[in-house]
Amino acid sequence: MNLDLAKRPRATVASIVFVIILAGSAVWWGQQQAATSTKVERQLRARLAQWRALSGSQPAPVSAVAEALAVQVAKARRTVNSLRQLLGASGKDPVRQTTPPEQRADAFFAIARFMEEQRSAASRTGVPVPETETFSFSAHRNSGPADEHIALVHRQTLVVTRLLNLLWQTRPVSLIAVQRENPSAKVETGNKAITVSREGRPEDWFEWPSSRGLARDGIVDTLAFRIGFVGRTATLRGFLAGISAADVPLVVREVSVQPLGSNGQAPGGRRTLEDLFRDEPEPGEAAGESSNTVSIIPANDAEFSVTIEYLDLVGPMLARAAELEEEDGQ
């Protein structure tokens, strides 16, 4: 049947158009409702799956369990705080509170000043220290550390300062060695050439295996040091007592001792050019003495080597705070 709309009254044409629009709207609305219904049904199935998983979990997530877990968390935090206090840790760690130099030149002058102050402190207490002694910082005798290492090297100088000040107070016979971890092993630098050119003397460094270290990701960072000196048992006891009372968290990780050589010198001590060209006495024979000479009272000096770890409990907290701030900004 042909409908000639031109021959129909305007009211009839308008009614037909309205019915067509209404029917189209009804179809569109139905499709929208069907899509919404499908989406809601999927969400319902997901919620039901989550509910079944939670209802079957152990312990069940009820208010009583939540309260019990909160009590356990609070207890764990009290334990952690007490352990931190036993280690001497606080939010006022003077090593972390001291602002590091901003530029390499500033770091260079700070390290030079540190070496001069320690040589003077040793001289005041009568401990012989060569004018060329760098206390493990020979890599920075002529230039500052790489930009990426400035903060870490700065913390190393602060810790070594405390360790040496404690050692001078015990008045050892001599200082044998000061060693620290290579900053390149702790913080990578983008310029390998700069790192290689500043490695310093090999005896400045020692490697403390991570398997023996106290560092734990996100909990505590550490800096390891090794101090060698000649003294008596009382010297060692005084040094260890000073470490335990230090104002920063220090943990003694290893103590080794070995007797002095037949010439009365420390086997691990530094040798000068004069030593290299001196005729060494035969084992058991002191210089200028007969091989039949026996000491009535053997020397009780010995060479001690003490390995210490500085616990950086502030660094991980700052790193975590920075991560959270970055996450919030995204």
Side-chain angles (χ1 to χ4, degrees), residues 83-90 93-98 111 114-115 117-118 121-122 125 127 129 133-138 149 151-183 185-187 200 203-216 219-258 266 268-269 302-316:
L83 292 175
R84 286 169 59 88
Q85 291 175 0
L86 287 175
L87 292 172
S90 67
D93 184 348
V95 171
R96 266 290 177 178
Q97 280 193 325
T98 305
I111 295 171
F114 148 78
M115 290 188 288
E117 289 174 350
Q118 289 306 314
T125 55
V127 181
V129 171
E133 179 61 61
T134 60
F135 308 102
S136 81
F137 291 89
S138 65
H149 297 161
L152 187 143
V153 172
H154 176 68
R155 291 196 294 274
Q156 286 180 324
T157 60
L158 294 178
V159 176
V160 171
T161 296
R162 283 164 170 77
L163 292 174
L164 290 178
N165 287 341
L166 293 173
L167 183 63
W168 306 142
Q169 293 175 14
T170 66
R171 297 180 182 275
V173 175
S174 62
L175 176 71
I176 299 301
V178 179
Q179 293 179 304
R180 60 190 172 108
E181 293 178 286
N182 194 320
K186 307 288 288 185
V187 178
E203 59 266 28
D204 284 352
W205 315 119
F206 83 106
E207 184 177 353
W208 186 241
S210 57
S211 59
R212 302 190 61 186
L214 298 175
R216 296 295 181 271
I219 299 175
V220 58
D221 293 332
T222 61
L223 294 176
F225 305 87
R226 183 168 287 164
I227 308 293
F229 58 92
V230 172
R232 301 188 176 185
T233 305
T235 309
L236 176 65
R237 285 201 302 266
F239 184 49
L240 298 180
I243 290 174
S244 67
D247 61 345
V248 297
L250 299 173
V251 179
V252 175
R253 303 290 289 133
E254 183 180 77
V255 177
S256 64
V257 58
Q258 58 179 329
E303 179 183 354
F304 297 98
S305 178
V306 183
T307 303
I308 308 104
E309 277 190 285
Y310 159 73
L311 305 184
D312 181 6
L313 294 150
V314 179

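Please read all numbers here as calculations on a predicted model, not as lab measurements.
Side-chain N or O atoms of K186 include none that pairs as donor or acceptor with a backbone N or O of H149 at under 3.5 Å. Under the 3.5 Å distance criterion, the side-chain polar atoms of Q179 are matched with a main-chain donor or acceptor of E203. With hydrogens and angles disregarded, no donor-acceptor distance shorter than 3.5 Å links the side chain of D221 to the backbone of L311.
Residues satisfying the salt bridge (Lys or Arg N to Asp or Glu O under 4.0 Å) test with R171, not counting sequence neighbours, are none. The side chain to side chain donor-acceptor pair (under 3.5 Å) search around S305 returns none, not counting sequence neighbours. The side chain to side chain donor-acceptor pair (under 3.5 Å) test applied to R253 returns E309, not counting sequence neighbours. Every residue was checked against the side chain to side chain donor-acceptor pair (under 3.5 Å) condition with T170, not counting sequence neighbours, and none meets it.
With contacts defined as side-chain heavy-atom distances shorter than 4.5 Å, the pair F135/V129 qualifies. A heavy-atom distance below 4.5 Å is not found between the side chains of Q118 and V160. For the pair V251 and I308, the minimum side-chain heavy-atom distance is 4.5 Å or more.
Pairs of residues two or more places apart, or lying in two chains, never qualify as ring-ring contact (aromatic ring centres under 6.0 Å, His included) while including a residue from residues 154-175. Within the structure, salt bridge (Lys or Arg N to Asp or Glu O under 4.0 Å) contacts touching residues 223-244 (residues at least two apart or in different chains) are R226-E254, R232-D301.
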Full working for side chain to side chain contact (heavy atoms under 4.5 Å, CB included) between V306 and F239: CA-CA 9 Å; V306 183; F239 184 49; 4.1 Å; yes
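Taking the charged nitrogens against the carboxylate oxygens, D312 and R96 do have a contact shorter than 4.0 Å, which makes a salt bridge.
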